[in-house]
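What follows is a short report on a single structure.
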Amino acid sequence: MLQKMLCTLILLFCLPVTGQPLDVAGIDRQRILREAASSLAQAPQTITAFPSPRSSGGVHDFYSEGDYWWPDPAQPGGPYIQRDGLTNPDNFVAHRRVLVRFSVQVPALVAAWKISGERRYAEHAADHLRAWFIDPATRLNPNLQYAQAIFGRSSGRGIGIIDTVHLVEVARAVEVLEQGDILSADERRQIHHWFTDYLQWLTTSKNGQDERDAKNNHGSCWLLQVAAFAHLTGDQQLLAYARDRFKTVLLPTQLAADGSLPLELKRTKPYGYALFDLEALAALCRILSTPSDNLWTYATPDGRSMAQAMAWMAPYIRDKRTWPLPPDVMYDKEWPMRQTSLLFAGRALGKPDYLALWASLPADSSVEEVIRNFFIRQPALW
């Protein structure tokens, strides 16, 4: 009953009803300021504070280990074996955690500056950006050569590139921050140079090309990163490439005729994976759409489209009890969250019911796995 009442109230503020846009900053104001206040009290940290003896790279190289890989009981000390959907808590995740921390704090700080005008928030966000992308002592090398390693099998895989999907909202925060005078011209140049170098690695390295060709959410998140970082750096050639790949590769291979996401639905966590992939696809539409090339309304020759994908998933977000597949093997009760796909699609497609549903869902979680898989957290920036 409470959720229905809230949905009704939110509908009063939707564009199709009153002619006014949904006031995302107003809805999220207290949440943004609360998160930013917490972030102000915390100094920047980067991966250099957490070296791993298992990494084949150096102190500036990001390192992580595959989530679903475990010791083989039949071969102690031997190569790990896979248990899909079940996270091994003993794998190295310190770099991932500090990257997620960065991706939580910088957007919150920049959002707080945007809605309040208080310079202290922007200045602290800039301190984080300098630590990660500029300072020679603490910066991250612009590659993920050693991400998602597997003990006894691989020192790093293309599949690990998904770990930097958290930089997508950081890139957006940089764009917003550049509207002020917080960063010097040289600092902006150095940050752009870092993302340009990372784009070069993403698009030309073997790991990058392996991830590009992944058929499921990994391919979506690779393209999302390319789109977000190309948007920041102004790379029009890569933006055009991303629009074309979205239309000619992602939609035909990721969506079924009914709008469902079969490559995600066959996993052991189908509900969470479907939401995750839809977030990436919706963010791509948000970043790449132009007045002359609207990815929200584009449909493949056989009718596959983002509008269709949203129409397929939205009823299961509204009432998860109708979900037709088995529950996820882990974290099933934690989803859905305030899915940004609903907000972006609601705005772009004129769907007030999506906007109302978005506003009715929980915006934050204390569960690490949810935080890691919910990579757009400050919609006021978008």
Side-chain angles (χ1 to χ4, degrees), residues 44-48 55-64 95-96 98-103 105-107 110 125-126 128-149 155-178 183 186-214 217-242 245 280 283-284 287-288 372 375-376:
Q45 279 188 321
T46 77
I47 65 166
T48 59
S55 173
S56 299
V59 69
H60 295 277
D61 291 309
F62 184 92
Y63 178 69
S64 64
H95 288 181
R96 179 188 291 161
V98 76
L99 178 62
V100 170
R101 176 185 184 267
F102 173 54
S103 74
Q105 293 184 346
V106 166
V110 176
H128 283 272
L129 296 173
R130 294 182 189 105
W132 278 86
F133 302 131
I134 297 175
D135 188 339
T138 58
R139 74 191 295 268
L140 170 69
N141 282 341
N143 69 75
L144 250 67
Q145 188 64 41
Y146 307 103
Q148 295 241 359
S155 63
R157 302 174 293 155
I159 197 171
I161 289 170
I162 204 167
D163 285 341
T164 45
V165 73
H166 294 285
L167 292 181
V168 166
E169 194 162 63
V170 170
R172 177 63 180 174
V174 172
E175 292 187 47
V176 173
L177 195 63
E178 288 179 339
L183 295 168
D186 185 59
E187 287 172 335
R188 292 195 295 271
R189 180 191 62 79
Q190 290 187 73
I191 293 170
H192 282 220
H193 186 68
W194 190 95
F195 279 99
T196 297
D197 285 348
Y198 190 41
L199 277 170
Q200 176 70 12
W201 184 85
L202 280 176
T203 55
T204 62
S205 68
K206 180 184 183 302
N207 281 9
Q209 292 171 356
D210 286 348
E211 188 74 338
R212 175 199 64 196
D213 296 335
N217 65 81
H218 282 267
S220 303
C221 288
W222 179 89
L223 192 63
L224 174 58
Q225 292 183 65
V226 169
F229 307 154
H231 193 275
L232 170 63
T233 59
D235 191 326
Q236 296 303 318
Q237 183 175 354
L238 272 180
L239 287 171
Y241 165 82
R245 188 170 181 86
L284 275 163
I287 293 168
L288 294 173
R372 187 170 72 87
F375 52 86
I376 294 181

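Values below: every heavy atom of this structure, side chains too, minus hydrogens, waters and symmetry copies.
His166 pairs by the ring-ring contact (aromatic ring centres under 6.0 Å, His included) definition with nothing, not counting sequence neighbours. Not counting sequence neighbours, the partners of Phe195 by the ring-ring contact (aromatic ring centres under 6.0 Å, His included) test are Phe133, Phe229. The ring-ring contact (aromatic ring centres under 6.0 Å, His included) test applied to Trp132 returns Phe102, not counting sequence neighbours. Residues passing the ring-ring contact (aromatic ring centres under 6.0 Å, His included) test with Tyr146: none are found, sequence neighbours excluded. Partners of Glu178 under the side-chain hydrogen bond (donor to acceptor under 3.5 Å, both in side chains) rule, at least two apart in sequence or in another chain, are His192.
Aromatic ring pairs are classed by plane angle as parallel below 30°, tilted from 30° to 60° and perpendicular above 60°; the pair Trp201 and Tyr198 is parallel.
Side chain of Arg372 to backbone of Val100: no donor-acceptor contact under 3.5 angstrom is found. Side chain of Thr138 to backbone of Ala131: a donor-acceptor contact under 3.5 angstrom is found. With hydrogens and angles disregarded, a donor-acceptor distance shorter than 3.5 Å links the side chain of Asp235 to the backbone of Leu238.
The residues Asp197 and Arg139 are annotated as not salt-bridged, no charged nitrogen and carboxylate oxygen being separated by less than 4.0 angstrom.
Counting only N and O atoms by type, the side chains of Gln225 and Thr164 include a donor and acceptor under 3.5 Å apart. Of the N and O atoms on the side chains of Gln209 and Asp213, not one donor lies less than 3.5 Å from an acceptor on the other residue.
Residue pairs meeting the salt bridge (charged side-chain N to carboxylate O under 4.0 Å, His left out) criterion with at least one partner in residues 157-166, sequence neighbours excluded, are Arg96-Asp163.
Put simply, CG on Leu129 and CD on Glu187 are 9.0 Å apart, with the number rounded to the nearest 0.5 Å.
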- Item | Thr203 vs Tyr241, side-chain contact (heavy atoms from CB on, under 4.5 Å): CA-CA, chis, key distance, verdict | CA-CA 11 Å; Thr203 55; Tyr241 165 82; 5.9 Å; no
